[in-house]
Amino acid sequence: MDVIYTMSEVLKLLADKSRLTILALLREKELCVCDIVDILEMSQPSISQHLRRMKSAGLVRETRRGQWIYYALTIEDKPYVQDVLKYIPSLKFKIEELECRADKTVCD
């Protein structure tokens, strides 16, 4: 029963468009919070709240580099999440657009 409960909670998290979009972005590349803010054009506190919830569910991990925190997927043990992400269109072009913009936030 614990597995079903855990899956249910994770799938509820995935029902949110912003969180699903963040996971799609992280599928392409490890990203800093500021990159996600720039791509989604949402506030930093809002993005951080989504990431905090996904981290507590074991979907992402964070790595601190100086003053910046980078996020990456940790879904190796969640094949059902991997399957969901297979059906989400690639957002690689969004990351490439950000990297080409002159006004992007510089995290490195």
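Computed from a predicted model, the values in this text were never measured in an experiment.
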Pairwise distance CZ(Arg19) to CG(Leu51) - rounded to 0.5 angstrom | 10.0 Å
Residues in side chain to side chain contact (heavy atoms under 4.5 Å, CB included) contact with Val81, at least two apart in sequence or another chain | Val10, Leu14, Leu59, Ile75, Lys78, Leu85
Sorted by chain and number, sequence neighbours left out, side-chain hydrogen bond (donor to acceptor under 3.5 Å, both in side chains) with Glu97 holds for none
Is Ser46 reaching over with its side chain to a backbone N or O of Met42, donor-acceptor style, under 3.5 angstrom?
-> no
Asp83: salt bridge (Lys or Arg N to Asp or Glu O under 4.0 Å) partners, not counting sequence neighbours | Lys86
Do the side chains of Leu20 and Val84 get nearer than 4.5 Å, heavy atoms only?
-> yes
Shortest non-hydrogen contact between Tyr70 and Cys32, atoms and distance | CD2-N, 3.4 Å
Taking only residues two or more places apart in sequence or in another chain, which ones pass side-chain hydrogen bond (donor to acceptor under 3.5 Å, both in side chains) with Ser18?
-> none
Say you draw a straight line from CG of Asp16 to CD1 of Ile22; how long is it, rounded to the nearest 0.5 Å?
-> 8.0 Å
Flag the pair Val33 / Tyr71 as yes when at least one side-chain heavy-atom distance between them is below 4.5 Å, and no otherwise.
-> yes
Sequence neighbours left out, cut at 3.5 Å: what donor-acceptor pairs do the side chains of residues 88-95 make with other protein atoms?
residue, atom, partner, partner atom, Å
Ser90, OG, Glu28, OE2, 2.9
Ser90, OG, Lys92, N, 3.1

Apply side chain to side chain contact (heavy atoms under 4.5 Å, CB included) to Arg61 and list each qualifying residue two or more places apart in sequence or on a separate chain.
-> Glu30, Thr63, Ala72, Thr74
Considering all heavy atoms, the nearest Ile69-Arg64 contact = CD1-NH2, 3.3 Å
Does Ile4 offer a backbone N or O that forms a donor-acceptor pair with the side chain of Ser8 under 3.5 Å?
-> no
Heavy-atom side-chain contact between Met54 and Gln49 under 4.5 Å = no
List in chain and number order the residues that pass side-chain hydrogen bond (donor to acceptor under 3.5 Å, both in side chains) with Lys12, two or more places apart in sequence or in another chain; answer none if no residue qualifies.
-> Glu9
Set of residues satisfying side-chain hydrogen bond (donor to acceptor under 3.5 Å, both in side chains) with respect to Ser56, sequence neighbours excluded | none
What are the two closest heavy atoms between Leu13 and Ala57, and how far apart are they?
-> CD1-CB, 3.2 Å
Can you run down the salt bridge (Lys or Arg N to Asp or Glu O under 4.0 Å) pairs that involve residues 47-60, sequence neighbours left out, and say none if there aren't any?
-> Lys55-Glu62
Going by heavy atoms in the side chains, are Leu25 and Leu40 under 4.5 Å from each other?
-> yes
How long is the gap from CG on Leu26 to CG on Leu73, to the nearest 0.5 Å?
-> 5.0 Å
